[in-house]
A.B. asks: 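Sending over a structure as structure tokens; questions will come in a sec.
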Amino acid sequence: MEAVRPISYSGQGFSLLGEKGRFVLPPDFRKAVRDSGLGERVLCLAKHPRWKCLIGFGLGRVNEFEAELDREERIALERGAEYDRELRANQLYGFARVPFDDSGRFVLPDRYFKLGGLVGAAFFQGGGKSFTIWNPEELAKMGAGWEDAQEACAELAAQAGKARK
């Protein structure tokens with residue numbers, strides 16, 4: 001039996017909100033999400049716990065949640081900090097399962113437009129075990145350390161604007 005390779009999300013992508021209220025999951029992200037879900041075309045989405053954006057991942061990531069909770073709890077105890085395991089578990093497991101088609105088109109559930117601050121465009125930023133989905137205006141507000149993502153977003157937005165014309 002072949003060993004399962006860990007899924008990693010890297011790079012960037014951009015999608016304008018299209019007809020029928022659909023965004024398009026970029027090809028590299030689409031493949032990783034599908035591979036994580038053992039071929040299922042299901043995008044898992046949740047509100048990012050700290051930033052005004054969404055977090056996305058494939059179904060396979062769910063298998064890591066309990067270990068992640070254990071690790072976070074252990075670190076908090078070692079630091080003498082409080083850790084609300086129930087709240088964090090609700091954040092992790094409270095994701096939406098959003099199907100996408102072969103072209104990557106998916107309908108974002110209404111509440112995620114508000115939670116992620118999304119309007120007419122979405123910027124996708126790889127982040128290893130997951131990726132973030134940003135409103136370009138929200139990403140532009142992020143401080144030091146976000147310059148590369150901000151520039152990539154601006155470049156991809158300009159390309160998408162030219163392609164739409």
Side-chain angles (χ1 to χ4, degrees), residues 5-65 68 87-88 90-165:
R5 290 183 310 133
I7 300 298
S8 183
Y9 300 96
S10 61
Q12 296 92 15
F14 192 87
S15 176
L16 294 170
L17 183 61
E19 58 186 51
K20 300 180 184 175
R22 295 183 295 197
F23 284 110
V24 177
L25 190 60
D28 289 343
F29 292 81
R30 186 181 323 150
K31 180 180 181 337
V33 168
R34 193 173 44 243
D35 289 350
S36 171
L38 301 175
E40 287 192 60
R41 292 186 322 251
V42 176
L43 170 61
C44 301
L45 288 174
K47 163 75 176 84
H48 193 282
R50 293 186 315 277
W51 305 323
K52 180 106 178 155
C53 67
L54 303 178
I55 188 167
F57 51 90
L59 287 168
R61 172 106 167 76
V62 177
N63 297 331
E64 302 171 8
F65 286 172
E68 186 170 331
L87 172 62
R88 185 66 179 124
N90 276 290
Q91 291 170 339
L92 286 173
Y93 287 102
F95 62 88
R97 295 170 191 247
V98 179
F100 60 91
D101 67 15
D102 286 336
S103 299
R105 293 176 300 215
F106 66 94
V107 176
L108 188 68
D110 287 342
R111 73 178 184 271
Y112 289 108
F113 279 95
K114 180 179 179 181
L115 291 171
L118 293 170
V119 184
F123 174 72
F124 298 79
Q125 173 68 39
K129 292 181 176 187
S130 61
F131 56 93
T132 50
I133 305 172
W134 294 87
N135 172 335
E137 293 176 9
E138 290 297 329
L139 178 62
K141 295 176 188 177
M142 299 300 285
W146 290 94
E147 297 87 358
D148 184 64
Q150 291 162 337
E151 288 300 318
C153 180
E155 184 177 293
L156 292 170
Q159 290 172 7
K162 287 178 187 174
R164 189 166 261 195
K165 290 181 180 178

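The first residue in the sequence is number 1, and the count goes up from there.
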A.B. asks: According to side-chain hydrogen bond (donor to acceptor under 3.5 Å, both in side chains), does anything in residues 142-158 pair up with another residue at least two apart or in another chain? List the pairs.
C.D. replies: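 Qualifying pairs, neighbours excluded: none.
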
A.B. asks: Show me the donor-acceptor pairs within less than 3.5 Å that the side chains of residues 96-107 make with the rest of the protein, sequence neighbours left out.
C.D. replies:
residue: Asp101; atom: OD1; partner: Ser103; partner atom: N; Å: 2.9
residue: Asp101; atom: OD1; partner: Gly104; partner atom: N; Å: 3.0
residue: Asp101; atom: OD1; partner: Arg105; partner atom: N; Å: 2.9
residue: Asp101; atom: OD2; partner: Arg105; partner atom: NE; Å: 2.7
residue: Asp101; atom: OD2; partner: Arg105; partner atom: NH2; Å: 2.7
residue: Asp102; atom: OD1; partner: Arg41; partner atom: NH1; Å: 2.9

A.B. asks: Using every non-hydrogen atom in the two residues, find where Phe113 and Val119 come nearest and quote the distance to one decimal.
C.D. replies: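 Reported closest heavy-atom pair: CE2-O, 3.8 Å.
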
A.B. asks: Give me the atom names and distance for the closest heavy-atom approach of Phe29 to Gln12.
C.D. replies: CE1-C, 3.9 Å

A.B. asks: How close do Pro26 and Phe14 get, counting heavy atoms only, and between which atoms?
C.D. replies: CG-N, 4.2 Å

A.B. asks: Using the side chain to side chain contact (heavy atoms under 4.5 Å, CB included) criterion, which residues pair with Ala122? Sequence neighbours excluded.
C.D. replies: Phe23, Leu118, Phe124, Ile133

A.B. asks: Go through the structure and list residues passing side chain to side chain contact (heavy atoms under 4.5 Å, CB included) with Leu87, not counting sequence neighbours.
C.D. replies: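 Listed in chain order: Asp84, Gln91.
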
A.B. asks: Once rounded to the nearest 0.5 Å, what's the spacing between atom CG of Asp28 and atom OG of Ser8?
C.D. replies: 11.0 Å

A.B. asks: For residues 127-143, which residue pairs pass the side-chain hydrogen bond (donor to acceptor under 3.5 Å, both in side chains) check, not counting sequence neighbours?
C.D. replies: Thr132-Trp134, Glu138-Lys141

A.B. asks: Show me the side-chain donor-acceptor pairs of residues 46-65 shorter than 3.5 Å, one per line, residues at least two apart or across chains.
C.D. replies:
residue: Lys47; atom: NZ; partner: Trp51; partner atom: O; Å: 2.4
residue: His48; atom: ND1; partner: Arg50; partner atom: N; Å: 3.0
residue: His48; atom: ND1; partner: Trp51; partner atom: N; Å: 3.2
residue: Lys52; atom: NZ; partner: Lys114; partner atom: O; Å: 3.4
residue: Arg61; atom: NH1; partner: Glu64; partner atom: OE1; Å: 3.3
residue: Arg61; atom: NH1; partner: Glu68; partner atom: OE1; Å: 3.0
residue: Arg61; atom: NH2; partner: Glu68; partner atom: OE1; Å: 2.8

A.B. asks: List the atom of Leu45, the atom of Tyr112, and the distance in Å for their closest heavy-atom pair.
C.D. replies: O-OH, 3.3 Å

A.B. asks: Answer whether the closest heavy-atom distance between the side chains of Leu17 and Leu108 falls below 4.5 Å.
C.D. replies: no

